[in-house]
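Okay, so here's the structure we're looking at.
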Amino acid sequence: MDTTMFCFQCEQTAGCAGCMGAAGVCGKTAATAQVQDELTGALVGLALTVQAAKAAEGVKAAVCDEADNVTMEGLFATLTNVDFDDASLRALTARAHAERDRIAAALGVEAASDYDLALLWNAPEDVRSLKSLVLFGLRGVAAYAYHAAVLGYRDEAVSASLHQGLASLADNEAGADELLPLALRVGEVNLRCMELLDQANTETFGTPEPTQVARTIEPGPFIVVSGHDLLDLKLVLDQAAGRGVNVYTHGELLPAHAYPLFKQYPHLRGNLGTAWQNQREEFANLPAPILFTTNCLMPPAASYADRVFTTGPVAFPGMARIDANKDFGPVIESALELGGFAEPRAVAAEEGAWLTTGFGHGAILGSADAVVDAVKQGAISHFFLVGGCDGARPG
Ligand code: SF4
């Protein structure tokens with residue numbers, strides 16, 4: 001086959017079958033795909049070593065947060081539209097190796113070799129499909145676990161499931177009878193992880209309530225914050241306070257406005273942008289910096305590449321980066337330098353000047369009686385469950 005990469009982990013995948021050739025639909029190159037596979041293989045080696053350490057007991061003494069941290073961060077980095085930077089991916093691989101070796105030395109167990117993901121393709125179709133399902137599910141779990149962890153919320157069962165699931169990829173004996181329940185278990189763990197993140201968010205920022213969000217950019221300097229990281233948004237707002245710089249959420253960060261804590265920031269002015277896949281057009285003429293805290297980052301167009309900042313799990317070669325000390329000063333300085341618009345600017349006017357968000361489970365259950373009455377009276381006949389992110393496919 002004349003291919004240099006294969007990736008089929010997301011809904012964008014070419015032809016609904018797999019991205020092959022020099023680059024994927026998301027812009028990930030074959031070289032970066034290879035580095036991501038190597039990182040995943042290193043995380044499997046770390047997971048096998050953690051499992052061996054647990055079997056040898058003494059895990060509490062020898063396995064510390066770093067094994068969980070690098071596993072969460074490594075899996076998150078390999079999600080779609082997150083980390084395109086080979087250097088940062090290799091740094092994660094080095095951390096996985098270092099932690100594996102440290103645990104192995106501490107407990108006198110063997111340091112497991114990296115797993116070669118290409119070996120998955122030697123397995124029967126059901127087995128490789130189920131292992132892929134487990135891996136992709138774990139990547140999603142890891143993203144939620146990461147968001148909870150940065151707020152100080154962890155669950156040992158979630159971390160253990162990440163290691164257990166990764167270790168299963170290297171189990172040559174595992175058949176569909178073992179892997180199907182494991183895949184379902186990943187789903188259960190993800191539910192627990194969402195519960196943990198909900199607790200982390202609501203205890204930190206308050207319970208979301210229905211809130212109207214402006215879709216107009218006010219005159220003057222501003223920062224656009226993209227991704228899903230509420231803590232990064234708070235830190236940006238804290239550091240921009242009193243600097244004459246407004247802050248707007250982009251796209252899927254819209255729900256931030258519904259948390260009571262964020263209503264305390266008068267310079268959090270609104271939301272701009274539509275679905276993530278429109279960012280290359282929507283960012284082209286913005287006189288403001290754009291901070292990506294998590295996915296979805298598309299390879300930036302030349303028209304705005306010099307105004308993009310990344311932080312946390314997001315990285316792109318050549319883009320300005322805010323490291324773990326979270327000093328957003330360079331983003332604020334960029335906003336002041338670019339100056340923003342001179343006049344109010346409506347964004348996505350076709351959608352109206354306001355959006356409403358904040359219909360979390362707290363708000364919904366608070367209206368349960370009225371909803372039940374409406375059902376009984378026939379005023380509500382259908383419920384629609386809308387899940388997932390802004391998909392790129394029409395319809
Ligand atoms: S992550 Fe990128 S390369 Fe992989 S399937 Fe999705 S679009 Fe294709």
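Keep in mind that this is a model prediction, so the values were computed, not measured. We count ligands from 1, going down the list as the structure has it; atoms in each ligand are counted the same way.
Listed by atom number, the atoms of ligand 1 under 4.0 Å from Cys26 heavy atoms are 1 (S), 2 (Fe), 3 (S), 7 (S). In the vicinity of Cys19, heavy-atom distances shorter than 4.0 Å reach the ligand 1 atoms 3 (S), 5 (S), 7 (S), 8 (Fe). Taking a cut-off of under 4.0 Å to the non-hydrogen atoms of Thr13, the atoms of ligand 1 that pass are 5 (S). Interface atoms of ligand 1 facing Gly24, defined by a heavy-atom separation under 4.0 Å, are 3 (S). Those atoms of ligand 1 that come under 4.0 Å of a heavy atom in Thr80, given as number and element, are 1 (S). Listed by atom number, the atoms of ligand 1 under 4.0 Å from Met5 heavy atoms are 3 (S). Against a heavy-atom cut-off of under 4.0 Å, Gln12 is close to the following atoms of ligand 1: 7 (S).
Annotation: cation-pi pair Arg139/Phe136 absent, no NZ/CZ under 6.0 Å from the ring centroid and within 45° of its normal.
With a 4.0 Å heavy-atom cut-off, ligand 1 is reached by the backbone of Gln9 and by its side chain too.
Put simply, Val225 and Leu336 are part of the same group of oily side chains (I, L, V, M, F, W, Y) that touch within less than 4.5 Å, one to the next.
Closest protein heavy atom to atom 4 (Fe) of ligand 1: Cys7 SG, 2.3 Å.
Counting only N and O atoms by type, the side chains of Thr294 and His228 include a donor and acceptor under 3.5 Å apart. A donor and an acceptor atom, one from each side chain of His147 and Asn201, are nowhere located under 3.5 Å apart.
Using a 30° and 60° split on the angle between ring planes, Phe341 and Phe222 fall in the parallel class, below 30°.
Here Cys10 meets the criterion, with an N, O or S atom under 2.8 Å of atom 6 (Fe) of ligand 1.
Proximity of the aromatic rings of Tyr144 and Tyr146 is defined here by a centroid distance below 6.0 angstrom, and this criterion is not met. Between Phe205 and Phe262, the distance from one ring center to the other falls under 6.0 angstrom.
The CG atom of Asn69 sits 11.0 Å away from the CG atom of Leu92 when rounded to the nearest 0.5 Å.
For the pair Glu11 and ligand 1, no heavy-atom separation below 4.0 Å is found.
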